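Bear in mind that the values here come from a model prediction, so they are computed numbers and not experimental data. Reminder, nothing fancy here: chain letters follow the sequence lines and each chain counts from 1.
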There are 2 protein chains.
Amino acid sequence: MQVTTLCLGALVFGEATGYEINKMFEDGPFSHFLDASYGSIYPALTRLTDEGLVTCKAEPQEKRPDKKVYSLTEKGRRSLGEALQQTLAPDKFRSEFLFAVLFAHLLPRSRVRTLVDQRLAAMKEKVEQMTDPDEDDTPGMDFARQYGLAVYTASIDFLENNRHLIEEIATEEEVHV
Amino acid sequence: MQVTTLCLGALVFGEATGYEINKMFEDGPFSHFLDASYGSIYPALTRLTDEGLVTCKAEPQEKRPDKKVYSLTEKGRRSLGEALQQTLAPDKFRSEFLFAVLFAHLLPRSRVRTLVDQRLAAMKEKVEQMTDPDEDDTPGMDFARQYGLAVYTASIDFLENNRHLIEEIATEEEVHV
DNA sequence: CCCTTCATATATAGGCCCGATATATCGTTC
DNA sequence: GAACGATATATCGGGCCTATATATGAAGGG
């Protein structure tokens with residue numbers, strides 16, 4: 001699924017600028033399970049406009065670049081619907097943390113501890129972000145939020161209960177350099 | 001973290017060909033939390049050879065392309081160690097399934113049910129794959145495997161217990177096309 | 001009161017990476 | 001015997017991320 005399709009999805013929730021769509025991926029409702037950035041969003045919106053899947057009205061602003069507000073067309077809505085009928089890519093999880101863990105026996109114990117602490121902190125922050133529902137969350141967003149909470153909670157529990165396993169196999173602290 | 005670094009990591013477990021490294025990402029110990037494919041692995045190995053981080057010995061084969069077996073050099077091992085001291089990228093999760101769920105209210109109920117069923121089946125297959133430890137697993141691999149099990153189990157539980165939430169908001173089955 | 005930082009807002013260039021494809025052969029299954 | 005999958009390397013096209021450029025107002029710290 002390409003960024004163009006993700007942008008169509010973003011616009012289902014109302015008209016938006018490229019800047020606002022980017023925020024949806026950075027902090028907003030998409031941030032927990034999708035990503036896309038300026039380098040793909042702006043070209044995607046141009047392509048979508050060319051194909052008639054979105055419309056663009058430029059709102060002139062003084063001393064700022066024109067704000068380009070995009071809205072979904074009927075054709076765009078249909079196109080999203082079709083994309084959601086296609087086979088979806090399987091969920092994908094990428095973790096450099098687990099990659100590093102594979103080499104725990106080659107790393108100093110302090111480093112392994114730091115890695116676990118950082119991972120735990122990051123996940124706890126995510127949990128805090130996701131704990132309070134937003135008023136205007138759609139039921140789908142609410143489901144995704146709770147799904148995320150369940151997964152992060154399980155991850156935190158596992159890490160806290162099993163971190164000793166990898167910390168034990170790490171290399172002893174060296175007294176001399 | 002680039003594919004070159006991931007290849008260095010793969011070679012810590014012993015010498016290997018590009019083909020075998022690819023398998024580590026496709027079915028092997030890396031498959032649950034990393035990905036890389038031929039299009040990046042082969043060029044990476046060439047670059048690593050040029051930089052002296054790995055060595056390559058060609059094993060001639062009859063009626064087959066030469067098998068190129070790569071091994072880590074001392075320089076390569078140090079390079080991996082340094083990479084593991086750098087700040088690691090945060091874990092990333094990408095789910096087209098959750099994207100689709102955001103639009104559950106626009107989809108026919110049968111489609112939503114299919115999506116959930118497929119997701120559950122995929123995760124249960126993962127769990128089965130990960131349940132039995134391999135003899136020659138390193139402790140790090142074992143940890144990663146158990147971590148994965150904990151997360152997938154929690155995901156499955158959540159989905160089974162909450163699927164009704166999104167199935168209820170889906171569009172009623174249409175009797176007429 | 002100034003300076004830095006952050007937020008708003010669009011856009012592109014460089015480089016990395018995935019997916020598909022090409023080539024060649026053998027073993028297994030239908 | 002036909003089709004398919006595994007073994008094995010390699011490249012091309014296109015998509016995407018990171019960093020950067022440009023411009024300004026608001027807010028906060030010193």
Phosphate OP1/OP2 of [N] contacted by [X] side-chain N/O (<4.0 Å):
X: A:T17; N: C:dT8; result: no
X: B:K23; N: D:dA6; result: no
X: A:S40; N: D:dG15; result: no
X: A:Y19; N: C:dT8; result: yes
X: B:S37; N: C:dC18; result: yes
X: B:Y38; N: D:dA10; result: no

*Which comes earlier along DNA chain D counting from the 5' end, the contact point of B:R94 or that of B:P43, where each point is its nearest nucleotide?*
B:P43

Specify the separation, in whole Å, of atom [atom1] of [X] and atom [atom2] of [N].
X: B:K92; N: D:dC16; atom1: NZ; atom2: P; value: 12 Å
X: B:I41; N: D:dC12; atom1: CD1; atom2: C1'; value: 17 Å
X: B:M24; N: D:dT7; atom1: CE; atom2: P; value: 15 Å
X: B:N22; N: C:dA20; atom1: CG; atom2: P; value: 14 Å
X: A:E59; N: C:dT8; atom1: CD; atom2: P; value: 15 Å
X: B:L34; N: C:dC17; atom1: CG; atom2: P; value: 12 Å
X: A:L6; N: D:dC17; atom1: CG; atom2: C1'; value: 14 Å
X: A:I21; N: D:dC17; atom1: CD1; atom2: C1'; value: 17 Å

*Give the ring-plane orientation class for A:Y19 versus A:Y38, where under 30° counts as parallel, over 60° as perpendicular and anything between as tilted.*
parallel

Closest to the [X] side chain, choosing from [options]:
X: A:K67; options: C:dT12, C:dA9, D:dG15; result: C:dA9
X: A:A36; options: C:dC17, D:dG15, D:dC17; result: D:dC17
X: B:Y42; options: D:dC17, C:dC16, D:dA10; result: D:dA10

Check: [X] side chain, [Y] main-chain N or O, donor-acceptor pair, under 3.5 Å:
X: B:S95; Y: A:F33; result: no
X: B:R119; Y: B:L159; result: no
X: B:R77; Y: B:V12; result: no
X: A:T17; Y: A:V69; result: no

_Closer than 4.0 angstrom, basic N to acidic O: yes or no for B:K67 and B:E20?_
no

*Interface residues of residues 76-87 of chain A with DNA chain C (non-hydrogen, below 4.0 angstrom)*: none

*Mind running side chain to side chain contact (heavy atoms under 4.5 Å, CB included) on A:F158 and B:V151 for me, showing each step along the way?*
CA-CA 9 Å; A:F158 179 85; B:V151 170; over 6 Å; no

_Would B:D142 and B:R145 count as a salt bridge (Lys or Arg N to Asp or Glu O under 4.0 Å) here? Give the steps._
CA-CA 5 Å; B:D142 214 57; B:R145 198 178 47 74; 2.9 Å; yes

*When all nucleic acid strands are considered with a 4.0 Å heavy-atom cut-off, which category describes B:G18: base, sugar-phosphate, or nothing?*
sugar-phosphate

